[in-house]
Amino acid sequence: MVHWTEKERSIITGIFSHMDYEDIGPKALCRCLVVYPWTQRYFSCFGNLYNAEAIMGNANVAAHGIKVLHGLDRGVKNMDNIAATYAELSILHSEKLHVDPDNFKLLSDCITIVVAAKMGHAFNAETQAAFQKFLAVVVSALGKQYH
Ligand code: ZNH
């Protein structure tokens with residue numbers, strides 16, 4: 001089981017208690033689709049993803065970005081049981097959506113970058129370490145039900 005220090009717990013709950021989901025979620029998913037264009041293949045039903053401008057202005061992308069970011073809330077609430085918490089979502093991504101699990105890490109890096117840009121100097125090394133540790137544990141949990 002993953003061990004969390006009190007400091008890590010307070011950093012992570014602190015970030016999510018101030019999270020601007022409507023801003024960070026769309027920006028993070030847009031970045032993922034622009035920087036790693038092969039991730040667009042899962043969103044063909046979302047309409048125009050022709051270029052960065054189109055992706056940024058795509059309401060379906062924005063809505064899904066918010067949904068995915070809120071998907072992290074259940075991990076924050078269940079930090080001592082993250083693998084079980086994401087078992088069902090892992091099965092969904094594997095068996096139904098067929099999302100290559102390598103992409104989870106790519107999106108999590110985009111979330112880190114957008115959160116860092118928003119927090120500025122407050123996103124210090126200790127904060128980055130705790131936040132990336134949390135995302136790495138979620139990413140690992142999301143990949144667990146792949147065979
Ligand atoms: Zn995912 C869906 C989360 C990543 C793709 N997702 C989803 C959902 C959620 C999530 C919550 C919803 C579900 C239901 O409805 O039930 N994701 C998530 C998370 C993550 C992710 C948390 C990490 C971090 N995804 C991802 C990626 C991708 C995806 C990377 C690709 C690339 N998802 C997806 C899809 C879907 C989802 C496609 C479906 C959509 C629709 O249908 O609308």
Side-chain angles (χ1 to χ4, degrees), residues 1-2 4 8 11-79 81-147:
M1 206 180 85
V2 182
W4 301 100
E8 288 170 331
I11 289 171
I12 291 157
T13 50
I15 289 175
F16 281 92
S17 69
H18 296 113
M19 184 68 81
D20 186 348
Y21 290 88
E22 283 69 25
D23 183 46
I24 306 288
K27 282 181 181 165
L29 183 58
C30 283
R31 261 182 200 259
C32 187
L33 295 170
V34 171
V35 179
Y36 313 108
W38 57 89
T39 60
Q40 293 172 19
R41 67 191 300 255
Y42 306 104
F43 303 104
S44 51
C45 63
F46 278 15
N48 186 358
L49 303 175
Y50 183 68
N51 57 22
E53 217 182 342
I55 290 168
M56 245 102 75
N58 186 306
N60 293 319
V61 172
H64 192 62
I66 296 169
K67 189 189 279 182
V68 167
L69 191 56
H70 274 299
L72 296 176
D73 298 348
R74 58 190 88 171
V76 178
K77 292 193 192 96
N78 298 281
M79 282 182 67
N81 205 4
I82 288 184
T85 302
Y86 286 96
E88 198 181 315
L89 259 187
S90 178
I91 293 170
L92 177 82
H93 284 80
S94 161
E95 292 176 13
K96 193 160 165 240
L97 302 170
H98 306 292
V99 171
D100 182 334
D102 290 350
N103 294 319
F104 300 142
K105 162 83 173 138
L106 304 180
L107 178 60
S108 80
D109 287 347
C110 290
I111 294 170
T112 301
I113 287 167
V114 175
V115 168
K118 183 119 179 170
M119 288 179 65
H121 291 296
F123 197 80
N124 59 24
E126 201 180 20
T127 301
Q128 179 179 352
F131 192 60
Q132 290 197 181
K133 177 176 168 182
F134 172 73
L135 291 177
V137 176
V138 172
V139 164
S140 156
L142 282 171
K144 279 231 160 64
Q145 304 299 323
Y146 282 72
H147 311 287

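- Ring orientation note: the planes of W4 and F134 are tilted relative to one another, at an angle of 30° to 60°.
- The distance from the OH atom of Y36 to the CG atom of L107 is 9.5 Å, given to the nearest 0.5 Å.
- Atom-to-atom distance recorded for N60:CG and L49:CG is 9.0 Å, nearest 0.5 angstrom.
- Within the structure, salt bridge (Lys or Arg N to Asp or Glu O under 4.0 Å) contacts touching residues 56-65 (residues at least two apart or in different chains) do not occur.
- One side chain, N124 or T127, offers a donor N or O that lies under 3.5 Å from an acceptor on the other.
- Between V139 and F104, the shortest heavy-atom distance links the atoms CG2-O, 3.6 Å.
- N103 contributes a side-chain N or O that, together with a main-chain N or O of D100, makes up a donor-acceptor pair within less than 3.5 Å.
- Taking NZ of K118 as the start and CD1 of I15 as the end, the distance is 13.5 Å to the nearest 0.5 Å.
- Between the side chains of D73 and Y21, at least one donor-acceptor pair of N or O atoms lies under 3.5 Å.
- Taken from SG in C30 to CG in N58, the straight-line distance is 7.5 Å, to the nearest 0.5 Å.
- A pairwise comparison of heavy atoms in G75 and T85 identifies N-CG2, 4.4 Å as the closest pair.
- In plain terms, the two heavy atoms of A141 and A83 that are nearest each other are CB-CA, 3.8 Å.
- Looking at every heavy atom in both residues, V76 comes nearest to M79 through O-CG, 3.4 Å.
- In this structure, the side chain of S90 engages the main chain of Q145 through a donor-acceptor pair within 3.5 Å.
- The closest donor-acceptor contact from the side chain of Q40 to the backbone of L33 lies under 3.5 Å.
- A distance-only check finds no donor-acceptor pair linking the side chain of H70 to the backbone of I66 [under 3.5 Å].
- Screening residues 131-146 for salt bridge (Lys or Arg N to Asp or Glu O under 4.0 Å) gives E8-K133 as the qualifying pairs, with residues at least two apart or on separate chains.
- With sequence neighbours excluded, no residue forms a side-chain contact (heavy atoms from CB on, under 4.5 Å) with E88.
- Y86 contributes no side-chain N or O that, together with a main-chain N or O of V138, makes up a donor-acceptor pair within less than 3.5 Å.
- Listed for the S94 side chain is no donor-acceptor partner under 3.5 Å among the backbone atoms of Y146.
- Screening D109, V114, I55, L106 for a side chain to side chain contact (heavy atoms under 4.5 Å, CB included) with R31, the sole residue that qualifies is V114.
- In this structure, H98 and E95 approach most closely via the heavy-atom pair CE1-O, 3.0 Å.
- Put simply, the residue from V115, L29, I24, D20 that forms a side chain to side chain contact (heavy atoms under 4.5 Å, CB included) with L69 is I24.
- Here the closest heavy-atom approach between residue G71 and residue R74 is recorded as O-CG, 3.3 Å.
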